[in-house]
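Residue numbering restarts at 1 for every chain, and letters A, B, ... go by the order of the sequence lines.
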Number of protein chains: 2
Amino acid sequence: MEYLQIHIVISEELYTKNPESSELGKKIVSRSIEMIDELGFEAFTFKKLGKSIGSNESSIYRYFESKHMLLVYLLCWYWSWIEYKLVFATTNIQSKEEKLSAAVDILTRKVDVDNSFSYIDEVILNRIIIAESSKAYHTKDIDTENEKGYYTVYKRVVQRVSNMVTELNPDFEFPHMLVSTVIEGAHQQRYFSEHLPSLTNVKKGKDTIVKFYTDLVFKVIK
Amino acid sequence: MEYLQIHIVISEELYTKNPESSELGKKIVSRSIEMIDELGFEAFTFKKLGKSIGSNESSIYRYFESKHMLLVYLLCWYWSWIEYKLVFATTNIQSKEEKLSAAVDILTRKVDVDNSFSYIDEVILNRIIIAESSKAYHTKDIDTENEKGYYTVYKRVVQRVSNMVTELNPDFEFPHMLVSTVIEGAHQQRYFSEHLPSLTNVKKGKDTIVKFYTDLVFKVIK
DNA sequence: CAAATATAATAGTAATACTATCAAAAACTA
DNA sequence: TAGTTTTTGATAGTATTACTATTATATTTG
């Protein structure tokens with residue numbers, strides 16, 4: 001991808017102190033990504049993170065209210081990044097079909113190159129999204145948090161791709177359902193292919209998941 | 001549904017002492033379903049459950065190794081019940097289309113009548129599956145647990161419906177992906193419709209979700 | 001009625017998810 | 001450069017969780 005001097009801005013609601021404002025903050029974010037991937041979200045703690053980065057548990061709490069809020073921050077970062085990639089990859093495409101196809105590709109493809117967005121490893125972050133993101137919104141606080149706008153970026157991504165669907169077929173009644181089914185489905189299929197392979201038909205080498213969901217989208221909206 | 005003297009049998013691996021073997025065991029299961037629904041899985045504890053049923057925390061541990069294992073038990077019970085409904089609703093249907101259609105209906109429809117399977121409220125259990133089931137298999141132990149057969153019933157349900165897909169179109173390459181996408185997608189859409197409605201296009205009154213996934217299945221396998 | 005089994009009560013442990021306080025260090029500022 | 005503010009670190013402490021272990025008391029069964 002083209003190298004650009006761009007910067008992902010995260011809503012102030014998601015942190016107590018902006019982790020981008022200091023070296024420690026960035027270290028917290030980048031190491032937390034690695035540790036959540038290694039340990040899983042449940043076994044990951046601020047104490048372990050502090051120890052690992054040579055800092056103190058209490059210092060981490062100055063950036064993030066809780067490990068749940070850190071996870072929400074990471075999701076928001078991820079979806080902002082996807083939104084950027086999505087807009088970048090689809091503007092100036094004339095053909096509506098090609099445009100939607102490019103969008104579905106971005107939503108379903110595995111991230112396997114770290115575009116080195118500063119201190120965040122997008123390959124590992126993608127794995128976290130696949131394995132842990134459902135834990136962020138499957139809580140009893142979902143409604144309050146949704147009102148506070150924690151999931152705005154994700155919803156905007158769904159809206160953008162839904163618009164592409166509607167452009168192609170204005171009569172299609174369920175664009176949001178289709179798009180969120182594809183996004184969440186692709187993540188689940190990636191998880192299943194590694195851990196519960198009999199729930200999938202993933203073939204080695206090829207990216208079956210991208211193919212499956214691309215076909216699905218075009219067949220469903222016809 | 002027809003009243004039958006049937007009984008759902010759960011693999012011995014999933015409990016320490018069979019909860020069906022005593023009144024206390026059944027109370028543990030039925031009250032845990034209500035409490036997980038009320039409190040959410042995170043806030044639910046064996047201590048609270050014990051207090052609520054007038055029993056002791058330590059007694060509950062004699063039935064289930066951990067609250068995680070109790071959740072796995074509930075999932076297994078749910079999928080066994082769905083499998084029973086599935087087989088019941090699809091045998092003797094001649095038309096392959098109708099058969100698949102009936103299956104998709106069972107997988108995607110909201111459970112809104114408690115068939116009073118003894119001490120288990122299927123309506124509440126269905127809500128738990130929608131809101132909490134992903135927490136059961138999104139853990140670091142998934143591979144070990146899968147080897148132990150904890151998810152066999154779920155996989156068998158997917159297999160059964162995949163077979164119906166294959167009967168209709170033997171050339172379709174991704175029956176398992178399609179079926180697991182539909183099952184998980186329908187659950188997510190129900191959750192979204194309540195908590196993140198802008199990710200869906202659910203209309204009041206009608207069961208949009210059943211319609212959406214039924215259409216999707218037949219379009220995709222064509 | 002005795003023996004076996006199930007349950008309850010109590011205590012205890014290590015870890016978690018924080019909060020509070022205070023001192024030390026670093027950064028910025030007059 | 002000294003002084004002030006801000007940031008970080010160290011330590012301690014709390015309530016709760018997710019258990020385990022032990023012993024006493026019911027309850028069931030033969």
Exercise for the section: Go through the steps to decide whether B/Arg31 and B/Glu34 satisfy the test salt bridge (Lys or Arg N to Asp or Glu O under 4.0 Å), and finish with yes or no. Expected result: CA-CA 5 Å; B/Arg31 191 79 250 272; B/Glu34 292 163 13; 2.7 Å; yes

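Put simply, CG on B/Asn56 is 14 Å from P on D/dA26, counting in whole angstrom units. Remark: P of D/dT6 and OH of A/Tyr63 are 14 Å apart, rounded to the nearest angstrom. Atoms CD (A/Glu65) and C1' (C/dA20) sit 16 Å apart, rounded to a whole Å. One can place CZ of A/Arg62 at 12 Å from P of D/dA10, the figure rounded to the nearest angstrom. B/Phe41 places its CZ atom 13 Å from the C1' atom of D/dT17, with the value rounded to the nearest Å. Distance, A/Leu49 CG to D/dT8 P: 14 Å, rounded to whole Å.
Remark: B/Glu13 pairs with no residue by the side chain to side chain donor-acceptor pair (under 3.5 Å) rule, at least two apart or across chains.
Counting non-hydrogen atoms under 4.0 angstrom, B/Phe64 reaches nothing in the nucleic acid.
Residue B/Ser58 places no side-chain N or O under 4.0 Å from the OP1 or OP2 atom of C/dA8.
Within a heavy-atom distance below 4.0 Å of DNA chain D, the residues of residues 13-37 of chain A found are A/Lys17, A/Ser22, A/Leu24.
Under the 4.5 Å side-chain criterion, counting only non-hydrogen atoms from C-beta, A/Phe41 is not in contact with A/Met35. Side-chain contact check for A/Leu196 versus A/Phe192: some heavy-atom pair is nearer than 4.5 Å. Side-chain contact between B/Tyr78 and B/Ile120 is absent, with no heavy atoms from C-beta onward closer than 4.5 Å.
Ring planes of B/Phe44 and B/Phe46: perpendicular class, angle over 60° (limits at 30 and 60°). Aromatic ring orientation, A/Trp79 versus A/Tyr154: tilted (interplanar angle from 30° to 60°). Classification of the A/Phe64-A/Tyr73 ring pair by plane angle, with boundaries at 30° and 60°, yields perpendicular.
Between the CG atom of B/Asn201 and the OG atom of A/Ser180 there is a distance of 8.0 Å, given to the nearest 0.5 Å.
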Protein-nucleotides 14-17 of chain C N/O pairs closer than 3.5 Å?
none

